[in-house]
Amino acid sequence: MADRKLRIGFIGTGGIANSHMGAYLKQPDVEIVCGADLVEGRARAFFDKYELKDAKDYTDYKLMIAENELDAVSVCTYNSQHAPCAIYALEHGLNVLLEKPFTVTLDEAVAVRRAEKKSGKVLSIGFQPRFDANMQMIKKIVQSGELGEVYYIQTGGGRRHGIPVGWSTTFIEGDKGVLGAIGDIGCYSLDMCLNAIGYPKPVTVSGRISGFFGKTPEAYTTRTDDPEEQKRFAKLFAVDDFASGYIRLENGVILDFRIAWYMHLDTPGDTIIMGTKGSLKIPSTDCWNGSVGGAMTLYHDLCGKPTETVVPLLKNPEGVSNVDRKVRTFLDAIINGTPSPIPSSQIIINQAIIDGIVQSSKIGREIEISIPDLD
């Protein structure tokens, strides 16, 4: 495969597809062949924007796959279509770079995992914060043993006024987005901590989701000055704008989680990882999207005295974004036959927690979580 370019197709050519395209165009061993989008003309406009006149456009991704010899696809659809599109592509012998959230339910995640295992192809999930130098430092600190045995984690993030509408409403529509803040940015927050401690499985979850703000026109005043648009968004809103959960993990760690698209706070709190030898505080940001808000602090004892060690923010490689690395590592896994850089075997645990919070909220009590063993 190294003697030719990898042939790439797009399933979904809306907002997030632009970041994928930008990264693919930097790769010398990639050819963008085609793309499909349900909206008539959108795929063509997408390719014209990048002056890819030879790229073929479709409204049916199944027809696109049938008519083109592809190595891989980027699935950039709205959330509810992640699972069916990924499964179809895997079943037809294609490697898949699937945007986050993985799926919208645990059952869907299991179905995608089964299709992946049967296909033998690479499936990587779009968690680009994994490649941030500061996120990697968090994992290094935890794995080094500096904290001792981790027993409690508080994590989450939020946006004061940050419901994602304007360019699209698919994030907030119930049949398209399905999950709101918990799926959009909550998955990143969970991954930051779960990846650091080795992705233990959840045992029980008690959760609550709510959507108090998204249903009000006032929530969209920072997005548009048009009162009619504000009312339209409020009427379409059918997902969560806040979620919280209390999760017991199989290794005994307690995970205390909260996430928000909209709230009357600048942050729902910093991330704190507490251990028997030390604790790590990770500052939140005003508009959380999988990043670190400032220098981290390691709290520990030195010669019997309480001590704080500041961990300064690290810079990422210049000219290479986290999305670039997300795409490049996916391509390298295909070429070299190596494991997925962001494997579904981990992210299914992330999805199980999200699904557990949603299901717990529906019935109003703690529930047990069971993930089928597919390995």
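Remark: K140 does not engage E146 in a salt bridge, criterion side-chain N to carboxylate O under 4.0 Å. For R4 and D29, the salt-bridge test fails: no basic side-chain N is under 4.0 Å from an acidic carboxylate O. Using a cut-off of 4.0 Å between Lys/Arg side-chain N and Asp/Glu carboxylate O, D48 and R44 are scored as salt-bridged.
Side-chain atoms of E67 and Y58 include a donor-acceptor pair closer than 3.5 Å. Between the side chains of K100 and N350, no donor-acceptor pair is found at a separation under 3.5 Å. With hydrogens and angles left out, the side-chain atoms of Q351 and R113 include no donor and acceptor closer than 3.5 Å.
Between the side chain of E366 and the backbone N or O of S360, no donor-acceptor pair lies under 3.5 Å. Within the 3.5 Å criterion, the main-chain N or O of T224 finds a donor-acceptor partner in the side chain of Q230. Remark: side-chain polar atoms of S189 are not paired, donor with acceptor, to backbone N or O of T155 under 3.5 angstrom. Judged by distance alone, with hydrogens and angles left aside, the side-chain atoms of R258 form a donor-acceptor pair with the main-chain N or O of P268 at under 3.5 Å. Between the N95 side chain and the V122 main chain, a donor and an acceptor come within less than 3.5 Å of each other. Checked by atom type and distance alone, the side chain of D71 pairs as donor or acceptor with a backbone atom of R7 at under 3.5 Å. Here the side chain of S124 pairs no donor or acceptor atom with the backbone of S340 at under 3.5 angstrom. Checked by atom type and distance alone, the side chain of D37 never pairs as donor or acceptor with a backbone atom of A43 at under 3.5 Å. A donor-acceptor pair is defined here as one N or O able to donate and one able to accept, closer than 3.5 Å; such a pair exists between the side chain of D132 and the backbone of N134. Distance alone, capped at 3.5 Å, is enough to place a donor-acceptor pair between the D241 side chain and the G214 backbone.
Note that CG of L374 is 10.0 Å distant from OG of S345, once rounded to the nearest 0.5 Å. Here the OG atom belonging to S80 is positioned 10.0 Å from the CG atom belonging to L179, to the nearest 0.5 angstrom. Separating the CD1 atom in I354 from the CD1 atom in I349 is a distance of 12.5 Å, to the nearest 0.5 Å. The distance from atom CG of L331 to atom OG1 of T329, rounded to the nearest 0.5 Å, is 8.0 Å. The CD atom of Q359 lies 9.0 Å from the CD1 atom of I209; values are rounded to the nearest 0.5 Å. Note: N195 CG to Q346 CD = 5.5 Å, rounded to the nearest 0.5 Å.
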message = Assess the residue pair Y78 and D175 against the criterion (side-chain hydrogen bond (donor to acceptor under 3.5 Å, both in side chains)); give the C-alpha distance rounded to whole Å, side-chain angles, the decisive distance to 0.1 Å, and a yes or no.
response = CA-CA 9 Å; Y78 41 76; D175 62 336; over 6 Å; no
request  = Take H92 and Y61, measure what ring-ring contact (aromatic ring centres under 6.0 Å, His included) needs, and give me the verdict at the end.
outcome  = CA-CA 12 Å; H92 285 77; Y61 70 87; 9.3 Å; no
key: Intermediate values then yes/no, ring-ring contact (aromatic ring centres under 6.0 Å, His included), F10 and Y24   = CA-CA 11 Å; F10 279 78; Y24 279 126; 5.8 Å; yes
query = Under the side chain to side chain contact (heavy atoms under 4.5 Å, CB included) criterion, do W261 and D240 qualify, and how do the steps go?
reply = CA-CA 8 Å; W261 266 347; D240 60 276; 6.0 Å; no
key: side-chain hydrogen bond (donor to acceptor under 3.5 Å, both in side chains) between R325 and Q128, worked out   = CA-CA 8 Å; R325 295 168 76 184; Q128 66 269 7; over 6 Å; no
message = Show, in sequence, the C-alpha distance, side-chain angles and deciding distance for R130 and D191, and conclude whether the side chain to side chain contact (heavy atoms under 4.5 Å, CB included) test is met.
response = CA-CA 8 Å; R130 280 270 189 107; D191 186 64; 2.8 Å; yes
request  = Evaluate side chain to side chain contact (heavy atoms under 4.5 Å, CB included) for F257 paired with I182, printing each intermediate quantity in order.
outcome  = CA-CA 10 Å; F257 164 80; I182 193 172; 4.3 Å; yes
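At least one side-chain heavy atom of T77 sits under 4.5 Å from a side-chain heavy atom of H82. Side chains of C193 and T271 form a contact here, defined as non-hydrogen atoms less than 4.5 Å apart. Counting heavy atoms from C-beta outward, E229 and Y220 have side chains that stay 4.5 Å or more apart. Side chains of L255 and L190 form a contact here, defined as non-hydrogen atoms less than 4.5 Å apart. The shortest distance between side-chain heavy atoms of I185 and R159 falls below 4.5 Å. In this structure, Y188 and W288 have side chains that are in contact, with non-hydrogen atoms separated by less than 4.5 Å. Side-chain contact check for H20 versus I8: every heavy-atom pair is 4.5 Å or farther apart. No side-chain heavy atom of T13 sits under 4.5 Å from any side-chain heavy atom of M21.
For E149, the CD atom sits in a loose shell: 12 or fewer heavy atoms of surrounding residues, nucleotides or ligands are nearer than 6.0 Å. Within 6.0 Å of CD in E308 there are more than 12 heavy atoms belonging to other residues, nucleotides or ligands. Surrounding CG of N336 are more than 12 heavy atoms belonging to other residues, nucleotides or ligands, all under 6.0 Å away.
One hydrophobic cluster, built from ILVMFWY side chains closer than 4.5 Å, cannot hold both Y151 and I197; they sit in different ones. I363 and I247 fall within a single hydrophobic cluster, where Ile, Leu, Val, Met, Phe, Trp and Tyr are joined by side-chain heavy atoms under 4.5 Å apart, directly or via other members. Hydrophobic clustering of Ile, Leu, Val, Met, Phe, Trp and Tyr side chains at less than 4.5 Å, counting indirect connections, keeps Y152 apart from I259. Note on I357: it clusters hydrophobically with Y199, by side-chain heavy-atom contacts below 4.5 Å among ILVMFWY residues.
For the residue pair V30 and I32, the shortest heavy atom distance occurs at CG1-CD1, 3.9 Å. Residues A238 and G174 share a closest heavy-atom pair of CB-N, 3.6 Å. Residue V239 comes nearest to G177 through the heavy atom pair CG1-C, 4.4 Å, listed as atom of the first residue, atom of the second, then distance.
Ring geometry, H161 versus Y262: the interplanar angle falls under 30°, so the pair is classed parallel (tilted spans 30 to 60°).
Taking the six-membered ring wherever Trp is involved, the centroid distance between the rings of F237 and F233 does not fall below 6.0 Å.
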